[in-house]
Amino acid sequence: MPRDRERERLLPEVHVWRLLLLWVALLALFGVLVHRLWSLQVAQSSEYQRRLVKQSLRSVRLPGIRGRIYDRNGERLADNQPSYCVSLYLEELRKTGSVQRTVDAVMDTLYRLAETMDRPLQLTPQDVRLHLGRRTPLPLVAWRGLDEVAVARFMEHALEFPGAALTVEPVRVYPQGAVAGHVLGYVGRADDTTLRDYTADHEPETYHYYLPEMAGKSGIEKRLDGLLRANEGGKLEIQVDVTGFKFDEVSTRAPGMGSDITLALDLRIQRAAEQALAGERGAVVVVDPRNGDILALASMPGYNPNDFIPAVPADIWNRLLKDPARPLFNRATGGEYAPGSTFKPVTLLAALESGRIKADTRYSCPGYFDLGSHRFRCWQHWGHGAIDLQAAIRYSCNVYLYHSALDAGADSVQAMARAVGFGRKTDISLDFERAGLVPDAAWKRAARHDNWRDGDTCNLAIGQGALLVTPLQLAMFAAALANGGTLWHPRLMARIVTASGVTNIIPATAVEDGPHWQPQNIRVVRQGMRDAVNQPDGSGKRAMLPNVVVAAKTGTAEYGVKGAGRKMTWMIAFAPYDQPRYALALLVEDGISGGTTAAPRVKQLLTQVFNEVEHMNLPLPAAPLRPTPDPNAPADEEPPAEEPA
């Protein structure tokens, strides 16, 4: 008995209620764990699955479809065409282990493809490695712009190349080649930061990757890029695995479409304008004087915008940049030149409108005009005798213009020049337009630190001195002369058709502060321009057409080192005289004179226009010849600008 009591004393005391409490606690903890596991794996499984999918999704912006450009008759000027490519899907070519093993596998496939299609290899191992590091889920485009032969060879052996596929990319194409290149411009790759799409809540949409989108870089393509480019690109969502390779496509949204644009340009007249300047450096602009439509706008030499697609090769770009003829420069809108005698109608209209002279006012031309100690000469050194205003235009008499400008005053001539659009931009839908210059007393004080003198007025009267205009400005002035005094804003864009099919017509608009000429004043100036072409002794007689009355004014302006004999040669014209449908300004750099160099080219241009557009059957003139300039030969319209007196 004592031994049993001793054993009971040594055994620990067991508290049943504590054991029960421990078991309850363990069961509770186990229940919480089970509940948490159930919550995570069952109740909230869809939420976590959504988060998993979201983390593995990559959104890709697909390029929108760029709008097309047409001429006024529906001829395609800029369009899109499919470019056939061979692309590699790297998820099907990847190898386990290091990245280099995958690079080697891809390069092996590329070598075999190059041999099969007989095309040079265009990618390096470094290109493949960069793609794997930056754009892993996207296909690697190995060749672009494949021709039919290469496509046929690939398709014949396609089963031998798992992971390679024929894909299609849209590229810009200019079906007319170099025609209207300066008007259309060209496209290049858009900056990804400028691509903005929006969600249904009008929030900016973000993307992981951007496929190349075209953006205008010059010309109409640049100025109207917001219309031509689609408002919204397409969207592709792809799911990637833990290594970043694609294994599924989740959803897509079709890309949007840009607006189609119809220009006022007439392809037939544009071709004729460029042919008239073949082999020359110059510009020509043809306008419809009834509404300001730009029917042709050419600058020569030009370039082929197709050379810039998809990217201009370095050798072509360097050749264009280094060419002394400056083929990338749009002379029609960006070239600033002294207008020479084409400015004389401005001076005479200013004098007529001021009331200081009349149509029958006569001045005597002995072949020179003395102003103080300086003598300003007429181009016809033996003079024109006593002539009236109409004859002064016919013969392009400088002395008559000196008298008229001094009688009217420089302020009147300058105000008229600004009223007809000189010294300010026309705001045509093209980039890099220049405003020209109408010099006045304030300009001379600021630029030359000198006062305005009567000699400056004489130079201004005949379109010399510091006066600068663009061919486009002169063409719009010629249109105002043709229609009797309405100065139009140039209308290059005629119609917009949106992706939804809505058509918007661009109305013709006149310049609000344009000229206001008395009918009798513009009538006599127009008659003088008619005589200049259609009289045997007129300064523009080489532009005369059979069965069509042409009115025109020639111009020759010397530039550069005095006495070097370098001349800008001009002609402004409109036809038919009674109901003008075409007005133009044509410039040839380093010609002989307006009458010798520009007039025959105007005749060639107008002959083609009336034959091709109005279906007349005018005899084709001989191709204009280019005599070698003689620096010592005087101009047949105006002498070098004299120093102001």
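Throughout, residue positions are numbered sequentially from 1 according to the sequence presented.
Looking at residues two or more places apart in sequence or on another chain, you find a side chain to side chain donor-acceptor pair (under 3.5 Å) between Tyr559 and Arg566, Asp590. For Ala273, the side chain to side chain contact (heavy atoms under 4.5 Å, CB included) partners are Val284, Ala296, Ala298, Leu605, not counting sequence neighbours.
Other residues, nucleotides and ligands contribute more than 12 heavy atoms inside 6.0 Å of the CD atom of Gln520. Few gaps surround CZ on Arg424; more than 12 heavy atoms of other groups in view lie less than 6.0 Å from it. Atom CZ of Arg495 sits in a sparse spot, with 12 or fewer heavy atoms from other residues, nucleotides or ligands closer than 6.0 Å.
To the nearest 0.5 angstrom, Leu618 atom CG is 5.5 Å from Thr607 atom OG1. In this structure, Leu295 CG and Arg72 CZ are separated by 5.5 Å, a value rounded to the nearest 0.5 Å. Annotation: the span from Cys397 atom SG to Ile387 atom CD1 amounts to 4.0 Å, rounded to 0.5 Å. To the nearest 0.5 Å, the span separating OG on Ser218 from CG on Asn330 amounts to 9.0 Å.
Of all non-hydrogen atoms in Arg581 and Pro576, the two that sit nearest each other are NH2-CG, 3.4 Å. The heavy-atom pair separating Ser354 from Ala408 by the smallest distance is OG-CB, 3.8 Å.
Between Ser396 and Lys553, the side chains place a donor N or O and an acceptor N or O closer than 3.5 Å (distance only, hydrogens not considered). Under 3.5 Å, the side chains of Tyr174 and Asn304 contain no donor-acceptor pair of N or O atoms. Between Lys344 and Ser341, the side chains place a donor N or O and an acceptor N or O closer than 3.5 Å (distance only, hydrogens not considered). Side-chain N/O atoms of Glu433 and Thr470 include no donor and acceptor closer than 3.5 Å.
For the pair Tyr337/Leu587, a side-chain contact is recorded, criterion being any heavy-atom separation below 4.5 Å from C-beta on. At least one side-chain heavy atom of Ile69 sits less than 4.5 Å from a side-chain heavy atom of Glu221. Residues Glu353 and His516 form no side-chain contact, since every pair of their non-hydrogen atoms from C-beta on lies 4.5 Å or further apart. Side-chain contact between Ile261 and Tyr70: absent, with no pair of heavy atoms (C-beta onward) separated by less than 4.5 Å. Residues Arg418 and Gln414 have side chains in contact (heavy-atom distance under 4.5 Å, counting atoms from C-beta outward). Taking 4.5 Å as the limit, some side-chain heavy atom of Leu389 sits within range of a side-chain heavy atom of Tyr400. In this structure the side chain of Leu297 reaches within 4.5 angstrom of the side chain of Leu430, judged on heavy atoms. Side-chain contact between Phe432 and Lys222: present, with at least one pair of heavy atoms (C-beta onward) separated by less than 4.5 Å.
A salt bridge does not link Lys567 with Glu589: every distance from a Lys NZ or Arg NE/NH1/NH2 to an Asp or Glu carboxylate oxygen is 4.0 Å or more. Of the charged side-chain nitrogens involved, at least one lies within less than 4.0 Å of a carboxylate oxygen, so that Arg453 and Asp450 count as a salt-bridged pair.
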Salt bridge (charged side-chain N to carboxylate O under 4.0 Å, His left out) assessment of Asp431 paired with Arg223: CA-CA 7 Å; Asp431 47 351; Arg223 286 296 297 269; over 6 Å; no

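At least one cation-pi condition fails for Arg375 and Phe369: the charged atom is not both under 6.0 angstrom from the six-membered ring centre and inside a 45 degree cone around its axis.
Pairs passing the salt bridge (charged side-chain N to carboxylate O under 4.0 Å, His left out) check and including a residue from residues 263-279, sequence neighbours excluded, read Asp266-Arg268.
Checking side-chain atoms of Thr347 against main-chain N and O of Ala461 turns up a donor-acceptor pair under 3.5 Å.
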